[in-house]
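Okay, so here's the structure we're looking at.
In this text, all values refer to a predicted model and were calculated from it rather than measured experimentally.
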Amino acid sequence: MGDVISTVIPIAKVDTVTKTVIGVVYKASKTFDANGKPLDNIDSHGNWATVEEVKKACHNFNKKLQQKKLIGKVGIDKQHNEKPGYGVVIESYIAMSDIPDINASQGDWVAAVEVTDNECWKEIEKGEIEGFSIGGTAKIDTSKGGEKGD
């Protein structure tokens with residue numbers, strides 16, 4: 001991938017009173033070379049998503065949170081253990097403009113989470129948990145310059 005550097009996005013704000021964390025969930029790739037490979041943002045697995053793909057993922061996630069059959073079963077897990085109960089999503093949206101104080105650019109997915117698990121909160125305070133991860137799945141179209149990650 002040449003000079004593209006993997007994007008690391010730490011939690012941008014921590015409110016110790018409300019036990020809330022805010023940050024970018026996923027930075028969209030916006031600049032591409034002639035072969036369709038990103039020149040800006042790739043994730044820690046070497047994958048990337050366009051603004052449209054990030055928006056679709058965010059909206060699908062938000063819809064899932066609203067489904068009555070899933071209420072109480074969907075929440076924030078920890079380190080992809082797929083067990084809810086560590087936190088509650090209180091905001092999840094696509095940045096409509098740049099938000100410098102949280103390092104979000106227009107088109108990035110942003111979230112705020114109220115942490116409900118005391119042990120998880122301690123890990124955040126110690127810096128042991130540093131950011132968000134979508135933990136999603138995707139179909140990768142290698143014919144358009146995408147590359148399979150780990």
Side-chain angles (χ1 to χ4, degrees), residues 1-32 37-67 70-140 145-150:
M1 285 221 166
D3 294 333
V4 177
I5 298 172
S6 180
T7 304
V8 177
I9 312 157
I11 293 170
K13 291 189 174 194
V14 177
D15 184 329
T16 57
V17 175
T18 62
K19 290 187 177 178
T20 301
V21 294
I22 300 170
V24 174
V25 175
Y26 203 90
K27 289 193 86 53
S29 295
K30 300 171 189 101
T31 308
F32 302 90
K37 293 184 180 181
L39 297 172
D40 51 4
N41 300 308
I42 60 169
D43 65 24
S44 60
H45 296 282
N47 296 315
W48 52 272
T50 64
V51 171
E52 295 80 18
E53 292 164 333
V54 172
K55 183 176 182 179
K56 182 178 176 184
C58 175
H59 290 181
N60 286 339
F61 176 79
N62 291 344
K63 287 176 187 176
K64 185 177 178 182
L65 290 177
Q66 300 302 317
Q67 293 178 11
L70 296 176
I71 292 175
K73 298 177 184 174
V74 177
I76 299 300
D77 67 357
K78 185 170 87 172
Q79 309 294 7
H80 303 288
N81 68 2
E82 298 186 20
K83 297 176 184 175
Y86 296 93
V88 178
V89 177
I90 55 177
E91 293 181 45
S92 175
Y93 60 92
I94 298 298
M96 301 306 287
S97 61
D98 293 352
I99 311 170
D101 62 329
I102 63 169
N103 193 30
S105 300
Q106 183 177 1
D108 292 346
W109 181 357
V110 178
V113 171
E114 180 182 335
V115 180
T116 56
D117 179 79
N118 289 330
E119 185 60 36
C120 187
W121 181 253
K122 289 175 187 173
E123 292 171 340
I124 290 168
E125 290 185 309
K126 291 179 194 174
E128 295 170 359
I129 295 177
E130 301 175 311
F132 296 109
S133 176
I134 61 172
T137 59
K139 293 181 183 176
I140 299 171
E147 292 190 10
K148 186 170 171 52
D150 300 16

Take W48 and Y26 through the ring-ring contact (aromatic ring centres under 6.0 Å, His included) test and state the conclusion after the steps.
CA-CA 9 Å; W48 52 272; Y26 203 90; over 10 Å; no
Show the numbers, then the answer: is there a side chain to side chain contact (heavy atoms under 4.5 Å, CB included) between W121 and I129?
CA-CA 9 Å; W121 181 253; I129 295 177; over 6 Å; no
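Residues A28 and N41 share a closest heavy-atom pair of O-ND2, 2.9 Å. Across every non-hydrogen atom of A104 and K27, the tightest pair is CA-NZ, 4.2 Å. Between D101 and K13, the shortest heavy-atom contact is OD2-NZ, 2.8 Å. Smallest separation of non-hydrogen atoms from V54 and A49: CG2-CB, 3.7 Å. Scanning all heavy atoms of the two residues, the minimum distance from C120 to Y86 falls at CB-CD2, 4.0 Å.
For the atom pair CG of D108 and CG of N103, the computed distance is 8.0 Å after rounding to the nearest 0.5 Å. Here the straight-line distance linking atom CG of D77 with atom CD of E82 works out to 7.0 Å at 0.5 Å rounding. Atom CD1 of residue I76 and atom CZ of residue F132 lie 7.0 Å apart, to the nearest 0.5 angstrom.
More than 12 heavy atoms of other residues, nucleotides or ligands lie within 6.0 Å of NZ in K30, so this atom counts as buried by the packing criterion. Other residues, nucleotides and ligands contribute over 12 non-hydrogen atoms within 6.0 Å of the CD atom of E128.
With T116 contributing its side chain and G85 its backbone, the two residues share a donor-acceptor pair below 3.5 Å. No donor-acceptor pair under 3.5 Å is formed between the side chain of D98 and the backbone N or O of P100.
In this structure, E130 has no side-chain contact (heavy atoms from CB on, under 4.5 Å) partners at least two apart in sequence or on a different chain.
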All N/O donor-acceptor pairs, side-chain side in residues 88-96, below 3.5 Å, sequence neighbours left out:
from : atom 1 : to   : atom 2 : distance (Å)
S92  : OG     : N62  : OD1    : 2.8
S92  : OG     : W109 : NE1    : 3.0

Show the atom names and distances, to 0.1 Å, of all donor-acceptor pairs under 3.5 Å that link a side chain in residues 15-22 to residues at least two apart or in another chain.
from : atom 1 : to   : atom 2 : distance (Å)
D15  : OD1    : V17  : N      : 2.9
D15  : OD1    : T18  : N      : 3.1
D15  : OD2    : T18  : OG1    : 3.3
T18  : OG1    : T20  : OG1    : 2.8
K19  : NZ     : N118 : OD1    : 2.9
T20  : OG1    : T18  : O      : 3.3

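A 4.5 Å side-chain heavy-atom check between K56 and E53 finds every atom pair outside the cut-off. For the pair V25 and F61, the minimum side-chain heavy-atom distance is 4.5 Å or more.
We find that K78 and D117 are not joined by a salt bridge, their nearest charged nitrogen and carboxylate oxygen being 4.0 Å or further apart.
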